[in-house]
Each structure stands twice: as C-alpha cells, then as structure tokens.
Asks: 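Got a structure for you, written out below as structure tokens; questions coming shortly.
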Amino acid sequence: MPRNSTILPVLLMAVCWSSALGAEESRFTQTHSRSQYVHWIDLYDANDRVIDPAAETAAPYSPQYTCGRCHDYAAIAGGHHFNAIHKKVAPGRPGEPWIWTDQRTGTQLPLSYRGWPGTYDPGALGISSRDFVLKFGRHLPGGGPGESLPDASEGVAKQPEASKETKASNDKPSKAAAEARRWKLSGLLNVDCMICHTNGNGYSQEAWWTQIQRENFAWASSAAIGLGTVEGDVSKLPDDFDPAKAAADSPQKLPATRYARERINGEKKVFFDVVRKPDNNACYYCHSTHLAGAHAPAAWTLDEDVHLRAGFTCADCHSNGIDHHTVRSFEGEEHPSGERVETLSCRGCHLGEGQGGGRMGAPKPLHQGLPPLHFEKLACTTCHCGPEISKEAGLLQTSLAHGLGLPSHETAEIPPGIAAPVMLRDGEMLYPHRMVWPAFWGQKAGEVITPLNPDAVYEATRKTLRVRRGTGFSAAMTEVRLTSAEKKEILGDERSKVKDDQLTEEEKAKVAEAVAARGRDNWREKLAAALTDLKKIVTDPSAEPVFVSAGTVYRLSGEKSVEVFDHAAARPYAWKFGHDVRPARLALGANGCYDCHTLDAPLFTSTVAAMGQAPDEAPPAQAMYQLAGYDKMKLDAWALSFLSRTAFKYFGYGAMGVVALVLLAYLVQGVAGLASFGRRR
Amino acid sequence: MSVASIPILAAMNSGEIFRQALPYVLLGVALIVALDLAVSFVYRGNPSPRSKWNWWDVLVYLGTLGSVGVLGFTSLAAVVRDGVLGGWSLFVHMFGAGAFTAVLPLLALSWAHANRAELRPAGGQSSPPKFCGISKLMFWLILACGFVVTMTMLVSMLPIFGSDGQHTLLDIHRYSGLAVVVAAVLHLYGVAAQQVGLR
C-alpha cells in the first residue's frame, strides 16, 4: 500500500504532464509533411465572415482572414517583403529602391521606407502610403503600405518631421481625410499569399495591377488568381460615397465579385492550387532584369542563373519560415530569427565558411592558380555575377524600376537609367553594384537639398515644361522647330525652301547643329522658368529651388539664367547584386591573370556615365577604378609587372634548377663523406 | 588559463598564427645573438684564421642580404602592421623576390664549396676556411629555405593548386621565408663576429 501511494501520484502527475503537453496547440495549422496539402477551403471576407461564393454577387475574399484561418498572417505580414514601412525593423543591407519616375517632370527619385543612405523616405516627401500603392502597386505583394492607413500608429511609419511641418498647410489635412475615406471604399491591400504560392502560372499580376489602378484594393486578390470576375471601379466613386446609402440601381456602387463556378465544390469551398515553395516564375515577376541600350546583347543569347540551370529554385537559397523573413543570402547576413544562415551565401555554401557548406550538392571551387589574396579583395559576385564587364557600364532595366512583367509598347530606353555592373568597394572588398542617379526638383536650404513632392512639382511646372504623353522629358525639353527665317540664315534663300530629305548631308548637319543649339537654349529657358515656378511651392522661405539630374545640380543664377554646381544630393545610389551567376568558365579571371591585370582591363577602366532625364551632352563620367577608390598608378604598376610574368616563371624555374642541383650535389657529397668517414672509423 | 586566452592558440587562421608567432621568433633570434655574444666575450680565445673574401663574394653577399632585407622588411612589416601583405608592399616584395631568385643560384654556385662541412681537416689544405660553423650552417639553411620559398610562389602561379593548396603553399612560403630571414640575420651575425675576431 505505501508503495502504491507513491506510484499513484507519480502516474497522475505524468498523465497531467502529458495532457499539458498535448494542450500546447497552435491556433494555426500545419501538416508537418513534405507532401502538399490540398486546399479546398472556405472563403472569408474582410470582416471575417464566410463568403457564399455561389451567390450572384459576393464580397471579395480576404487573404488576411481566409489564409489567416490556418496561417499566422500577422507573422507573415512582418516578413521581409512586407515590413519596410515598419520603422522598428532593421534596415538591412541597402538594396534596390523604389524609383519614383515621372517623365513629365524628369523625376527619378530613389525611395525607401528602410532609410538606406541615398534614398528618401516617401513620408518625408508627402508621398502617402496610398500614393505609394497607386504608384508601385504593380510590383507590391500587398501588406506594408497597402495596409498602412493614415491613422495607423503602432509600429507603422510615422510621418517624418518634414511632413509634420507641412501638415499645417491648408491642403495636407484635407488630403489625409480624403485618403481615409478612400481607404474605406477601396479596402486594404492585404498580403496576397497567392502572388507567390500559386502553383503554376495561374496568377495574373496584370489583373492585380488593374484592380489596384481602379483602387479596388480589396478585390485585387480575387481577380488576380482568377477566382472570379470583378465588376466596378472604386476610383470612379466620390470620396463621400456611402455604400449603405447607395440605391440598388445606382450606377455608383462598390465593385461586385462573381466567383467562377468551376472553382467551387458542393460544400461551397473553393480550390486554391497552393505550392509551399514559390516557383521561380513568381520571384521573377519582381526580380527580373533586362539589358537595354544600343550595345545590349539579344536576350536570347543570354543564359539564366547557373543555379537555376542546375535545377534550383530561388527559394532554395532565399528561403524562410512562417515569419517570411526571406534570407537575402549575402555574407555576414544576420537573420531576424536568430537562425544561422551562412550556408545560404556564396562563400558559406561553396567555400564552407561558417557552418560547413556543401548544401544541395554545392561543389567546392578549386580556383586553381588564384592567389588566396583575391578572396580578401573580391566578393564572389565580382567575378561570377551579372553581365560581363565591357568598356562602358551597361544599361539595365529592372522589374521594380521599369515595370517589367507587364505588357508594354515601349521600345525606347525608358527611364530611369540604371547602370550595371559598377564595381564599388565596401571596406576592402569589391562588389558589383547597380547604380541610379537621382533626378528631382527640390529645395536647397543652407547646405541641405531635399526633394519636393513629385506631384506638387508636376502641378506647379506642367504649364512650363509641357511634356506630352509618350514624349520623353529630354526630347520634350529640347524639341524645337526652326523658323523659316532661321532656316534662311543657315541655308540661304534658295536652299531653305527645299524639303528636309532633299538637303545635302552637309546641309543636314548644319540644320542638326542649329536644332541642337536651339534645343539647348530651349532647355535652359524651360529650366529657368520651371525653377521660378517652384518658388511658389518651396516650403522653406530661406530655400531656393533646384533641379538635380545626372550628378549635377541646377539653380537660378538670374531671372532667366541657371548655373550648375556639385552637391552630395546628386550622387548616385548604388546597391549590390548577386544574380545572374555565370558558370565558372565565364567568370572573370577564367582566362587567366590578364583578364584583370592589364592596363586596359575593363574591371578597372570601364567607364560609368551619369544618367538622368535632363538633356545633358556631357554628363559626368568616371572610370571604375575612380568609383572604387583605387590608386591608378598602383593598378598600372601591377599590370605592367604582369607583362614579364611568364618570362619570370621560366627564369625562376631555371634559377631554382641550379640551386636544386647544387643542393643535391653537396647532399650526395655529404652523404658519401659521412659514409666514408664511418667506414674509416 | 583557457586556450582561447592565449592569442596564438586562439588565432583561427594560419596567417594570424604567423602574425602572432612572428614577434616571438624575432625575439628568439635576438636572444640567441645576445647569448652567443655574451658567451663569446666571456670565453674569448684566439680567432681562427680565415680566408679573405674577393669582390665577387662581397657582391653576391650584398645582393643576398639586400634582397632578403627587402623581402623581410616588406613582408614582416606589412604582416605586423596590417595582418596581410598587399598593395605597394606586395609590389616591392615581388621585385625583391625577383632579385632573390636571381642571386640565389649565384650564391649557391659561388659559396657552396667554401661552405661544405668538413668532418676533419683536409690533408694538405693550403688556405683556412672562409666561414665559421654557424655561418656555414646558415648558408645551407638560406639555400634550402630559399629554394622552398621561391618554389612555393612559382608553383602557386601555375594552375595546379586550388585554394586549399594555395593556402598550404602560402603557409610554407611564410615559414620558409621567415627561416631565410632568420638564417640571413644569423649568418650576418656570424660574419660580423668573424670580422671583429670573435670567431
């Protein structure tokens, strides 16, 4: 009995303990299987109510409440692709900014909520989160600014000082109030899980963007995945529209969703073809690049990243857990989860630095004949990534900056001009970068230049600049037609009456020269006039309006004249990149030392010219070595020393052959002497 | 005391280990010289007769000392200062290496006979030896380590060894180079001791 009295409580405690363990359940669901769960699920709307998809018109489904039923939406929404607007989040390594490009004003303004040096906080420029969504929603995955209402406070970007001051002005409060009303009509732009987790090609980013442009934020997810059709356009509704008071037959009403019957089963559940690990196609929509410019190779002559050719997916390295803190895979990355992620970087995986590497069968490169010093000076990406370096940095288009992925009729080199690869040093290491030069109208107060709100600039200058749709800023600024009197002056009475195509080459050149000269004058006149216009919207009374473009700053020097000067605000913004990775045989240095150690090696001498939208015949240009801060004399000295390297090798082996023979001869002599000495004794 | 608290043992890469070890080696050389000097002064006897150097001997010796001096200074100073050898230091080091590569076979051909080891006085020898024992030993050390230090760099220029092999070659280069510097210093000390009559 005493024995039982001991065992019983222990058993009871064990049962309670196991029950307690069993009770540790998550609100969220997991299968813990590598097989894909088949998603026949109920739809929920933005008010967390079940949707009847068979109804004639129904509410759009809300990813927050539909996917969030089983998955931790709050955690997901704090992930890397959605959290930039949260000021508590560490900025991380500077990456590609959002570039506010407006050809009507020649603006290309790098923006980021992350506070990367060289970028501007949208809030500080009076760009609201709604403005941001309407400008960049084409490549936003939802969440972030799409869920950042004007009155949101906790953890969300606060209005910076600059815009706080402007709140005192007459129009700002009304804009905020109007936006609050419009948010109520458009709904939130939730994180759309299916934008990445759709299996196959069933997700239409074009439909997503169309709905955003119509301000149908809450409807975008339903339309993009093809769950149904959306009829209606919030952008056409007035700010004060009240859906509750709208008459049933009124043309003014909120959009209606009609779900596709074939996607609904008998239990009114809807099929979502979900894939756990996003397909490359989903990543490529936002992370594609395209070489542009006259010297760009044809796209079909280029290979994709060597890892993808080997069968990898983007998400194999750029992976994440439910927190969606996608690993960026650069050396030294500190993951917010605290997990060690060295093996997902080039060095970690291929060279085994850190936790060991070799994941997914990563080969360890031999780098035969390459002195180890190079690994202390060059990032892996310097030799292995991006387009091959030529005499001039190439012109690159990206999804985020140029809207790649959406159908377009544009064939010209549309702004912003992004140069790549540009070799810059971070500490001692050389990395390939992409580079963009800010172009904006701003105000200079003291030594500080800050951009003015791009929309306000457009309103203030549109009558002066008059850039027609489809005409580039530069072309519009220099567009001139010679008067008959001017033609006469150039070509003489008779020849001025001849049609342009009948002119001689010499005459054509004369006319072109005159047009260019008039174009330059025209630009200067328009620039001076626009800067004068901007005096009306410059908020600081002590500030002067300026225009920044292609590494140069312009300001008024008289009533109708402008002058240029240098300023840090005109410096380019650059960010490192890691793709596409070229195979070893196409890496820099694969052909030997002379790939880099020659006097005219493109790695150091390739030139990078500033690119803006303003007409500039001689934009500032620099060689890579200047941008990277290398000593040219040292580079040249090294290059020259390599001229005799092969001869030195032969000489060295010959010399060492002599030394070896002497050593061998005296060693043999010594051994023989020792043997002789031993015998004599 | 844990291993981690001893810098040389806590160093994670061979370059850092070399950097940590360098002062101890140089201090060791200084101690050897100081100790030998002290012993030599205390037990000073009659100096052994030595053959005189000709102009060629002097020229080769200056060439060797000069090139080893340049190589030693550029590398050791850079390693102590920066931890790595790079930039202009490496550039000058490379030219010093060229000179050393040229002078080493000359040194071998010119001095090997005079530095051979003799187990007993050769019968009928007419001229006294040029070098004392320590100098002879250091000569052969300079020659052997000089061969290794040069070959490690020559071989590393060929597309044969990968990164691991390159690191191994670099390590061998470091230590054999240090051995050449130490041997050259001790050789110079031996020669100097001969000149002032301590040997």
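Here is the naming used below: chain letters follow the sequence lines, and residue numbers restart at 1 for every chain.
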Asks: How far apart are the closest heavy atoms of B:Leu170 and A:Pro372, and which atoms are they?
Replies: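 Scanning both residues completely, I find the closest heavy atoms to be CD2-CG, 4.4 Å.
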Asks: Got a second to check how far A:Met656's CE is from B:Met153's CE, nearest 0.5 Å?
Replies: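 CE of B:Met153 is found 13.0 Å from CE of A:Met656.
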Asks: Checking an interface table here. Which of residues 73-87 of chain B come within a heavy-atom distance under 4.5 Å of chain A?
Replies: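 Counting heavy atoms that sit under 4.5 Å from chain A, the residues of residues 73-87 of chain B involved are B:Val84, B:Leu85, B:Gly87.
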Asks: So which atom in A:Gly652 and which in B:Thr101 form the shortest heavy-atom distance, rounded to 0.1 Å?
Replies: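 Smallest interatomic distance, heavy atoms only, reads CA-CG2, 3.7 Å.
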Asks: Checking B:Ile160 against chain A: side chain, backbone, both or neither under 4.5 Å from a heavy atom?
Replies: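 Just its backbone gets close to chain A.
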Asks: Between the side chain of A:Tyr653 and the main-chain N/O of B:Leu154, is any donor-acceptor distance below 3.5 Å?
Replies: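 The answer is yes, because a donor-acceptor pair under 3.5 Å joins these two groups.
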Asks: A:His374, A:His367, A:Lys634: which one forms the most heavy-atom pairs within less than 4.5 Å of chain B?
Replies: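 Ranked by heavy-atom pairs under 4.5 Å with chain B, first place is A:Lys634.
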Asks: Indicate yes or no: at least one non-hydrogen side-chain atom of A:Trp638 is less than 4.5 angstrom from one of B:Leu90.
Replies: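 Yes - at least one pair of side-chain heavy atoms lies under 4.5 Å apart.
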Asks: Distance check, rounded to the nearest 0.5 Å: B:Met94 atom CE versus A:Phe648 atom CZ?
Replies: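 Between atom CE of B:Met94 and atom CZ of A:Phe648 there are 8.5 Å.
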Asks: With a 4.5 angstrom heavy-atom cut-off, which part of A:Leu373 approaches chain B: side chain, backbone, both or neither?
Replies: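 Contact with chain B is through the side chain of A:Leu373 alone.
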Asks: Select one option (side chain, backbone, both, neither) describing which atoms of A:Lys364 are under 4.5 Å from chain B's heavy atoms.
Replies: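 For A:Lys364, the side chain is the part near chain B, not the backbone.
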Asks: Most heavy-atom pairs under 4.5 angstrom with chain A, which of B:Gly165, B:Ala97, B:Ala112?
Replies: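 Heavy-atom pairs under 4.5 Å are most numerous for B:Ala112.
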Asks: Do B:Asn115 and A:Tyr666 touch side chain to side chain, with heavy atoms closer than 4.5 Å?
Replies: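 No - every pair of side-chain heavy atoms lies 4.5 Å or more apart.
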Asks: For B:Ser163, is it the side chain, the backbone, both or neither that has a heavy atom under 4.5 Å from a heavy atom of chain A?
Replies: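 For B:Ser163, backbone and side chain are both near chain A.
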Asks: What are the residues of residues 137-149 of chain B, in order of number, with any heavy atom under 4.5 angstrom from a heavy atom of chain A?
Replies: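 Counting heavy atoms that sit under 4.5 Å from chain A, the residues of residues 137-149 of chain B involved are B:Trp140, B:Leu143, B:Ala144, B:Gly146, B:Phe147.
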Asks: I'd like to check B:Gln166 versus A:Leu370 (side-chain heavy atoms, cut-off strictly below 4.5 Å). Are they in contact?
Replies: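 Not in contact.
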Asks: I'd like to know whether CZ of B:Phe18 has more than 12 heavy-atom contacts from other residues, nucleotides or ligands below 6.0 angstrom.
Replies: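 Buried by this count: over 12 neighbours within 6.0 Å.
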Asks: Do the side chains of B:Trp88 and A:Met633 get nearer than 4.5 Å, heavy atoms only?
Replies: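 In short, these two side chains touch, coming nearer than 4.5 Å.
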Asks: What do you reckon, is CD of A:Glu304 surrounded by more than 12 foreign heavy atoms closer than 6.0 Å?
Replies: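 Yes, enclosed.
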Asks: If you take all heavy atoms of A:Ser641 and B:Phe91, which pair is closest and at what distance?
Replies: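 Smallest heavy-atom distance, with atoms named: CB-CE1, 4.0 Å.
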Asks: Within a strict 4.5 Å, meaning less than it, do heavy atoms of the B:Leu158 and A:Gln368 side chains meet?
Replies: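 B:Leu158 vs A:Gln368: side chains apart.
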Asks: When you look at CZ of A:Arg93, are more than 12 heavy atoms from neighbouring residues, nucleotides or ligands closer to it than 6.0 Å?
Replies: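 Correct, the count exceeds 12.
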Asks: Verify the neighbour count for atom CZ of A:Arg328: are there more than 12 heavy atoms of other residues, nucleotides or ligands below 6.0 Å?
Replies: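 Yes, the 6.0 Å shell around CZ holds more than 12 heavy atoms from other groups.
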Asks: If I take atom CD from residue A:Gln669 and atom CZ from residue B:Arg116, how far apart are they, to the nearest 0.5 angstrom?
Replies: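 That separation rounds to 7.0 Å.
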